[in-house]
Amino acid sequence: MKISSWNVNSIRARIDNVKDYLESTSPDVVLLQEIKAEEKNFPYEELNKIGYHSYISGQKSYNGVAILSKKKLDKINRLLPGDNIKQARIISTEIKIKSKVIEFINIYVPNGNPVDTDKYEYKIKWIDLFIKEINKKLNKDINIVIGGDFNIIPDDIDAYDSKRYLNDALFRLEIRKKYRTLINMGLVDAYRHIKKNKQEYTFWDYMAGSWQKNYGLRIDHFLVSNNILENIKNININKKPRSKNKPSDHTPVELEIS
DNA sequence: ATGGCTGAGCTACTCAGA
């Protein structure tokens, strides 16, 4: 089973690229971030025509997450308890793989720049609430896959020039420690686990020829609970969608589970 | 240190992204 995570930077601006990707790669489940659309503007029909059911948590203009699936899903959850600002940044579901029920949690973590503003405070608060929820689930020994745009560069190797990001909301020590908290709770960075010291990115800025120069960042991740490590077969960053016309600035990460 | 590029909403320009 192939699960993909992709920040598409607007589902409507990206629909042709998304359809190309789905038809050529055929993932079973896709976690989308930054769909930038409400329910009424989401292209349910177009995606259904090529074999995908869509479940979304949308809002106008900004944010928004969705789960696409070849099979129908139930038990969709769209809440992060305690988040009073209620931006559309999380959607989850349950899928049975072999004998295990796995909770798939799709997140779009706030960017947080500029630092030392209310945006940065919201990022910290959002992550703290998220950590609290995940901790509850892990204490109940629930099988978890978290996929999405974390807006966190975990380590030096995950940026083309990490020094430039030392005081950035993506890489500040305080933020990296939040990521480590998740790891220390019993989650595994599937990419780093499988690819060892490989240096690859999931995001390249639109500006200044970042893609051409490979000035990228690895900020889109899959974290899996260690009770399903044996089910994780492979992970791949698929750079093809980033090379196309009218690309998203992010590219998909694909996880194989069986 | 800053700007550069893209999308939404809307129709001029701001906000947001990372």
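Residue numbers begin at 1 in each chain, while the letters A, B, ... track the order of the sequences. All values derive from a computational prediction rather than experimental measurement.
To the nearest whole angstrom, the two P atoms, one in dG4(B) and one in dT14(B), are 14 Å apart. Separating the P atom of dC13(B) from that of dT2(B) is a span of 24 Å, rounded to the nearest Å. Straight-line distance between the C1' atoms of dG3(B) and dG17(B): roughly 15 Å, to the nearest whole Å. Atom name C1', nucleotides dC5(B) and dA18(B): the rounded distance is 12 Å, in whole Å.
Arg89(A) has a side-chain polar atom (N or O) that falls below the 4.0 Å cut-off from OP1 or OP2 of dG17(B). Considering only side-chain N and O atoms, His250(A) lies nowhere under 4.0 angstrom from the phosphate OP1 or OP2 of dG17(B). Checking the phosphate oxygens (OP1, OP2) of dA16(B), no side-chain nitrogen or oxygen of Asn63(A) falls inside 4.0 Å.
Going from atom NZ of Lys123(A) over to atom P of dG17(B) covers 10 Å, rounded to whole Å. Nucleotide dG17(B) holds its P atom 15 Å from the CG atom of Asp220(A), rounded to whole Å. Between Ile152(A) atom CD1 and dG17(B) atom P the separation is 15 Å, expressed in whole Å. Rounded to a whole Å, the CG atom of Leu217(A) is 15 Å from the P atom of dG17(B). What separates CZ of Arg164(A) from P of dA18(B) is a distance of 17 Å, to the nearest Å. For the pair Asn167(A) CG and dA1(B) P, the computed distance is 11 Å after rounding to whole Å. Atom CE of Met207(A) and atom P of dA1(B) are 17 Å apart (whole Å). Gln59(A) places its CD atom 12 Å from the C1' atom of dA16(B), with the value rounded to the nearest Å.
When heavy atoms are screened at a 4.0 angstrom cut-off, Phe203(A) is found touching the sugar-phosphate backbone but no base atom. Looking at heavy-atom distances under 4.0 Å, Asn151(A) makes contact with sugar-phosphate atoms alone, never a base. Note on Asn41(A): nothing from the nucleic acid sits closer than 4.0 angstrom, heavy atoms only. In this structure, Asp149(A) reaches the sugar-phosphate backbone alone: every heavy-atom distance under 4.0 Å involves primed, P, OP1 or OP2 atoms, never a base. Using a 4.0 Å heavy-atom cutoff across all strands shown, Tyr215(A) reaches no nucleic acid atom at all.
Separation of the His53(A) and Tyr44(A) ring centroids does not fall under the 6.0 Å cut-off. Taking the ring centroids of Tyr160(A) and Trp204(A), they lie at or beyond the 6.0 Å cut-off.
With sequence neighbours excluded, no residue forms a salt bridge (Lys or Arg N to Asp or Glu O under 4.0 Å) with Asp220(A).
Checked by atom type, the side-chain pair Thr25(A)/Lys2(A) shows no donor-acceptor distance below 3.5 Å. When only modelled atom types and interatomic distance are considered, Asp83(A) and Tyr122(A) share a side-chain donor-acceptor pair under 3.5 Å. At a cut-off of 3.5 Å, with distance as the only test, no side-chain donor of Tyr21(A) or Asn238(A) sits close to an acceptor on the other residue. For the residue pair Gln33(A) and Asn106(A), a side-chain donor N or O sits within less than 3.5 Å of a side-chain acceptor on the partner.
With distances taken from any side-chain atom of Lys119(A) to the nucleotides dA18(B), dC5(B), dG17(B), the minimum falls on dG17(B).
Of the two residues contacting DNA chain B, namely Glu34(A) and Glu38(A), the nearest-nucleotide position lying further toward the 5' end is that of Glu38(A). The nearest heavy atom of DNA chain B to Ala208(A) and to Pro114(A) marks one nucleotide each, and the one closer to the 5' end goes with Ala208(A).
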Anything under 3.5 Å between a protein N or O and an N or O of nucleotides 6-8 of chain B, put it in a table, one pair a line.
unit_1: dG7(B); atom_1: OP1; unit_2: Arg14(A); atom_2: NH1; d: 3.3
unit_1: dG7(B); atom_1: OP1; unit_2: Lys246(A); atom_2: NZ; d: 3.1
unit_1: dG7(B); atom_1: O3'; unit_2: Ser10(A); atom_2: OG; d: 3.2
unit_1: dA8(B); atom_1: OP1; unit_2: Ser10(A); atom_2: OG; d: 2.4

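Applying the salt bridge (Lys or Arg N to Asp or Glu O under 4.0 Å) test to every pair with at least one member in residues 44-53 of chain A, sequence neighbours left out, gives these pairs: Lys19(A)-Glu46(A).
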